[in-house]
Structures are given as C-alpha cells and as structure tokens.
Amino acid sequence: MGAATSSMAAKFAFFPPNPPSYTISEDEETGKLRLSSDLINQRDNVDILKLCTKKGNEIVAMHVKNPSASLTVLYSHGNAADIGQMYHIFTELSSHLNVNLMGYDYSGYGQSSGKVRIVFCLYLSDLVKNFDYKPSEHGTFSDIEAAYECLEETYGVKEEDIILYGQSVGSGPALELATHLPELRAVILHSPILSGLRVMYPIKKTFWFDIYKNIDKIPLVNCPVLVIHGTEDEVVNFSHGKQLWELCKEKYEPLWLKGGNHCNLELYPEYLKHLKKFISAIEKLPPHLRNVSAQSTDQPDQPLNTAEHNSEKPRPSTDHKEKARPSFGQREKSRLSSDNREKARVSTDRRERARKSIDRVGKARNSTDQQEKARNSFDRFGDIVRSVGLCNVDCLKQTAAEA
C-alpha cells in the first residue's frame, strides 16, 4: 500500500515553474507592485497584490480591470504554471470577454510563500518530515478564499457578480469555494478532474485520502456550470469533464474540443467563441432565475420533466381497461349461471336463452369499446413520449443564441 501510494504521489504532483517565471518589483513613482518578466508587457489596468491566507502564507495575485465590465472572473490556474506565464492569457480574456479578472498563485508558486513538493505529501508523513511547508488541498482552499475576500473587500465585488474559473487541478479549489457561495453567478471548469486518485486509477468509490473530490461536490453547486474539455486529453481523460457535466444541477451547453489535449484548448477558435456566448447568457440572466436555470442550461432535463408530467395525464384513461375486465368476469358468471339454469329448464325455453345470449353479446361489445378507448389512450401517450425523445441538447441552442 505504501509503495502504491508513493507511486501515485509521484505521478500526481504540483509542478510550479522553477525558477518562477517572474519577480516582483515596486514602482518608485507610484509605489505599486509590478511583475517583472521577459514574458510580460506591463499594462496600466493590472494591479499586483500580496494577500495573506488563513494558513499564514502570503500569495501573489493580479487583478485585471475592465472599465465596461459588470462581471468578475476568479481564475484558478493549472498545476504547472504561475501568473507570470498566465499574465497574457488573463489580460486577453479580460478584454475579449469584457470581464474583470483576478488570478492568483497557490502557496509555493511564483513568488507566493511556502514550499511545494507533492500534493499528496500531507498523507505521506515519511516523505514530508524534511519539508518546511506541507501543502494540501486545504492550503489551496485558503489561497482561493484569500483571493475571493480581496475581491469583496478591496474591489467591492458582490458574490452574485463573480464567476469561478478552474483549470485542471484548479477545478478543485474553484468547486470547493462554489459549494459555499449560494449566490454565485456561474462556474467554468476547464479540463477538470473528478478527483486526484481518479486521474490515475478508474476507481468507483471515493476514498478518505483522496483529494479534490469534485465528483462529490459538483452536485452541490446551484449556479450554471460550463465544462470545457479536449477529447484527446492525455493528462486528464475526457471522461472526467463529461461525467462532471452530467452531474451538474444547472448544465450549460458543454464544449468538447475534438482533438484538443490538456494544454492547448485556448488555441481553438471555438474556445473563445463559446466563452463569449456563455458570459453573454449569464450576464443577461434575470436575478430571479440566476440560480434556478440559465439559457441553454440543463437542456435534457426539460423534455424529461415534460414527459413525466404528461405521462400522468393519460394514466387515468388506462382505468377504462381495468373497468372493462370485470365485464368479462361478469359474462363468465352469466354463462355459468345460464348453464345451471339450462339444466333446470325445459328444452323448449329457447326464446329466453336467446334473449339472454343477445344481452351478453351487447355487454361484450361495450367492453370492447372501452378497451379500444384505452388502446387509443396508450397510443396518444406513446406519441407524447416519442415527441419528447426527439428533443435533445441541440433543440435549445437557438434560445441561448438569442440570449
């Protein structure tokens, strides 16, 4: 067990760029912090901040301001990048999506304090005894919480105006925070994981020592969720994103990028186009519907609910069939009774027998009519079910486009 756990830990690790892709400097004139890197073109609409977490670490964050934005994206990046490498992506997303955006480095990443080795090291005491800092999933939860509090306290952003974006391992802290924010506007999951262990092993149950148990948390998120995943992801299998989307309460039309891998989804034209469509739909969503449903969300559920609703209506008509059955029983009793009477009567009483026989035939005809009505009712119910079955995710795409 120990060897298997050590192997698992070695495969699923945090890999912050080493050395970090940036340094921090202070502008002599303004006193503002700046990221210094060959990869960065400085922008005036970017604030660099140092935030204290409840774990006692100091993390570095960047806030990109968009004057015309009404929504703010809180972005949790993947496990092999820092905000120096993400700087250009963050500024471009802010511009193209017309949103404010805050990104942050996890403890031990970039110029954030703390040392990072293996994410599972919390459970491997024999491996961490020489480490000054023992990162855990709860450490990243404290990091995103500090970034969220900064948005509220420093920038005055309301919970209902925030969209959480989690990329790869960043889907863990994003979904954890989402479960605690009932008024959250939306969540975007980019190449997300079902859980840490499930990245390497197709396990069916969640173990206590697993981390980032997104599979158990996603059903607790009440806001609209967009899932983006590449079909040829070699790091986190495409099935992770697909299953998380299926477990969402409020599904938005997912984006499955054919041929996309774990690190190149931003290069597809559909990526930015779909994000714009999602942000536009979320932005226009009326307040009373924001955590109930979104344009193009939970599309398969609407026809299913309709089917359930309509199936209740024809059901009483099948009672006609039940009512028809006693008439057959009555007819049988009548036949037996007639046989008994026949024994007691004289053979010349044929006219009375003929009259009773005609009455029995009439009853049978009425019973057949009732069965036919029931059959017609079943046919109508079948038409309803078939018409609902033809409705799929695509049938609501026009609604989303109009939104």
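Note that this is a predicted model, so its numbers are computed, not measured.
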Item to complete: Assess whether salt bridge (charged side-chain N to carboxylate O under 4.0 Å, His left out) is satisfied between Lys277 and Glu253, documenting all intermediate values.
Response: CA-CA 10 Å; Lys277 180 181 175 182; Glu253 178 189 348; 3.0 Å; yes
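- When all heavy atoms of Ser68 and Asn98 are compared, the pair lying nearest together is OG-OD1, 2.6 Å.
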Only pairs under 3.5 Å count here: list side-chain donor-acceptor contacts from residues 34-41, not counting sequence neighbours, and write none if there are none.
| residue | atom | partner | partner atom | Å |
| --- | --- | --- | --- | --- |
| Ser36 | OG | Ser25 | OG | 3.0 |
| Ser37 | OG | Ser21 | O | 2.9 |
| Ser37 | OG | Leu39 | N | 3.0 |

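- Closest heavy-atom contact between Cys223 and Glu250: O-CB, 3.5 Å.
- Between Val199 and Asn237 there is no side-chain heavy-atom pair separated by less than 4.5 Å.
- Checking side-chain atoms of Asn264 against main-chain N and O of Leu267 turns up no donor-acceptor pair under 3.5 Å.
- Tyr104 is not listed as a side-chain neighbour of Met86, based on a closest heavy-atom distance of 4.5 Å or more.
- Within the 4.5 Å cutoff, no side-chain heavy atoms of Val99 are placed close to those of Ile163.
- A salt bridge between Arg198 and Asp210 is present, with a side-chain N of the basic residue lying under 4.0 Å from a carboxylate O of the acidic one.
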- request: List the steps, then state whether side chain to side chain contact (heavy atoms under 4.5 Å, CB included) holds for Leu101 with Tyr165.
  value: CA-CA 10 Å; Leu101 189 146; Tyr165 191 122; over 6 Å; no
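- Nearest heavy-atom pair across Met62 and Ile48 is CB-CD1, 3.7 Å.
- At a threshold of 4.5 Å between non-hydrogen side-chain atoms, the residues His77 and Asp105 count as touching.
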Go through the steps for Glu26 and Lys32 under the test salt bridge (charged side-chain N to carboxylate O under 4.0 Å, His left out), then give the verdict.
CA-CA 6 Å; Glu26 183 176 324; Lys32 293 180 62 175; over 6 Å; no
List the steps, then state whether side chain to side chain contact (heavy atoms under 4.5 Å, CB included) holds for Asp82 with Tyr106. CA-CA 8 Å; Asp82 60 29; Tyr106 309 119; over 6 Å; no
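- The shortest heavy-atom contact between Ala147 and Leu74 is CB-CD1, 3.8 Å.
- Taking the side chain as every heavy atom from C-beta outward, Gln111 and Lys50 never approach each other to under 4.5 Å.
- Between the side chains of Glu270 and His274, no donor N or O sits under 3.5 Å from an acceptor N or O.
- No side-chain donor-acceptor contact under 3.5 Å links His262 to the backbone of Asp233.
- Using a distance-only test at 3.5 Å, with no hydrogens or angles considered, no donor-acceptor pair links the side chain of Thr154 to the main chain of Leu151.
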### Task
Take Arg185 and Leu71 through the test side chain to side chain contact (heavy atoms under 4.5 Å, CB included) and record every step on the way to the result.
CA-CA 9 Å; Arg185 182 66 71 93; Leu71 299 177; 3.6 Å; yes
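- At distances below 3.5 Å, at least one donor-acceptor pair connects side-chain atoms of Asn214 with backbone N or O atoms of Ile193.
- Here the side chains of Phe90 and Met102 are not in contact, with every heavy-atom distance at 4.5 Å or above.
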Would you sort out whether Ile215 and Gln243 count as a side chain to side chain contact (heavy atoms under 4.5 Å, CB included), showing the intermediate values? CA-CA 8 Å; Ile215 189 173; Gln243 188 171 346; 3.5 Å; yes
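- Looking at heavy atoms from C-beta onward, Ile228 lies in side-chain contact with Tyr271 at the 4.5 angstrom threshold.
- Residue pairs meeting the ring-ring contact (aromatic ring centres under 6.0 Å, His included) criterion with at least one partner in residues 36-64, sequence neighbours excluded, are His63-Tyr155.
- In terms of modelled atom types and a separation under 3.5 Å, the side chain of Lys276 and the main chain of Lys273 share no donor-acceptor contact.
- By the 4.5 Å heavy-atom criterion applied to side chains, Lys55 and Ser107 are not counted as neighbours.
- Side-chain atoms of Thr140 never come within 3.5 Å of backbone atoms of Pro173 as a donor-acceptor pair (strictly under, hydrogens ignored).
- Separation of atoms CD (Glu153) and OH (Tyr148) is listed at 10.0 Å; rounding is to 0.5 Å.
- In this structure, CG on Asn66 lies 7.0 Å from OG on Ser95, to the nearest 0.5 angstrom.
- A donor-acceptor pair under 3.5 Å is absent between the side-chain atoms of Asp143 and the main chain of Ala146, judged by distance alone.
- One N or O on the side chain of Asn45 and one on the backbone of Lys65 form a donor-acceptor pair closer than 3.5 Å.
- His190 and Ser168 are not linked by any side-chain donor-acceptor pair at a separation below 3.5 angstrom, with hydrogens and angles left out of the test.
- Using a cutoff of 4.0 Å between basic side-chain nitrogens and carboxylate oxygens, Lys217 and Glu176 are scored as salt-bridged.
- Going from atom CD of Glu160 over to atom CG of Leu181 covers 10.5 Å, rounded to the nearest 0.5 Å.
- Residues Leu255 and Leu226 approach most closely at N-CD1, 4.4 Å, considering heavy atoms.
- Aromatic ring orientation, Phe207 versus Phe209: parallel (interplanar angle below 30°, classes split at 30° and 60°).
- In terms of modelled atom types and a separation under 3.5 Å, the side chain of Thr91 and the main chain of Tyr87 share a donor-acceptor contact.
- Taking the charged nitrogens against the carboxylate oxygens, Glu183 and Lys158 have no contact shorter than 4.0 Å, which rules out a salt bridge.
- Gly166 approaches Ala174 most closely through the heavy-atom pair CA-CB, 3.9 Å.
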Would you sort out whether Gln167 and Ser191 count as a side chain to side chain donor-acceptor pair (under 3.5 Å), showing the intermediate values? CA-CA 6 Å; Gln167 179 183 9; Ser191 304; over 6 Å; no
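- Checking side-chain atoms of Tyr212 against main-chain N and O of Leu194 turns up no donor-acceptor pair under 3.5 Å.
- In this structure, Asn261 CG and Leu265 CG are separated by 7.0 Å, a value rounded to the nearest 0.5 Å.
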